[in-house]
Amino acid sequence: MKKIIKISLSILGVIVLGISIMMFILMNGMDKAQALELNQINLSQIEDGKYVGSFETTLWTNTVEVTIKEHKITEIKLTDDVMFALEGLSDRLFKKVIDNQSLEVDIETGSTITSKAYLKAIENALGEGK
């Protein structure tokens, strides 16, 4: 009986340790994304075309394709997303960016990290388009 209890406690200890390590790694990546600085883009310097940009951390990657016509953002597509996004978040956020023609948009409560990651991918796409 004592042997079964020892084995059970050992297994439980390994599980708790594993969960603790995973939480530490997850929180570390979230802190970096939370502190992410966004830079504005100058659309007047970007030629017509489609631009691809990504934002990557140790935990996830997302990639967007941004279409520019006549120095305006006309479309943003999410082409790769390995995040825990809320249903429809990217569509709502991308609409705000297109409507405002800017990365300075209101972010939904509870989706700050994901939204900043999407916005950084857009910035990276258009930053390379200059």
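Because only heavy atoms are used, hydrogens play no part in the values below, and waters and symmetry mates are left out as well, while side chains stay in.
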Among residues at least two apart in sequence or on other chains, which ones pass side-chain hydrogen bond (donor to acceptor under 3.5 Å, both in side chains) with S10? none
4.5 Å side-chain heavy-atom contact, K120 and N39: yes
Could you point out which residue of T112, T114, I113 forms a side chain to side chain contact (heavy atoms under 4.5 Å, CB included) with K116? T112
Once side chain to side chain contact (heavy atoms under 4.5 Å, CB included) is applied, do any residues pair with V16, and if so which ones, sequence neighbours excluded? L12, S20
CD (E123) and CD (Q40) are apart, to the nearest 0.5 Å, by 8.0 Å
Set of side chain to side chain contact (heavy atoms under 4.5 Å, CB included) partners for I4, sequence neighbours left out: S8
Would you say H71's side chain and E47's backbone share a donor-acceptor pair under 3.5 angstrom? no
Tell me, please, which residues at least two apart from K6 pass side chain to side chain contact (heavy atoms under 4.5 Å, CB included). none
Test question: given the 4.5 Å side-chain rule for I, L, V, M, F, W and Y, name all other residues clustered with V14, or answer none. none
Taking only residues two or more places apart in sequence or in another chain, which ones pass side-chain hydrogen bond (donor to acceptor under 3.5 Å, both in side chains) with S54? T63
So CG of D80 and OG1 of T61: to nearest 0.5 Å the spacing works out to 6.5 Å
Please enumerate all residues that pass salt bridge (Lys or Arg N to Asp or Glu O under 4.0 Å) together with D99, with sequence neighbours excluded. K95
Once side chain to side chain contact (heavy atoms under 4.5 Å, CB included) is applied, do any residues pair with N100, and if so which ones, sequence neighbours excluded? K96, S102, V105
Are there more than 12 heavy atoms of other residues, nucleotides or ligands under 6.0 Å from atom CD of Q101? yes
Please enumerate all residues that pass salt bridge (Lys or Arg N to Asp or Glu O under 4.0 Å) together with K72, with sequence neighbours excluded. none
Contact check, side chains of L78 and D91, non-hydrogen atoms, under 4.5 Å: no
Can you spot which of I41, I46, T67 makes a side chain to side chain contact (heavy atoms under 4.5 Å, CB included) with I73? I41
Note, V97 side chain near V66 side chain (heavy atom, < 4.5 Å): no
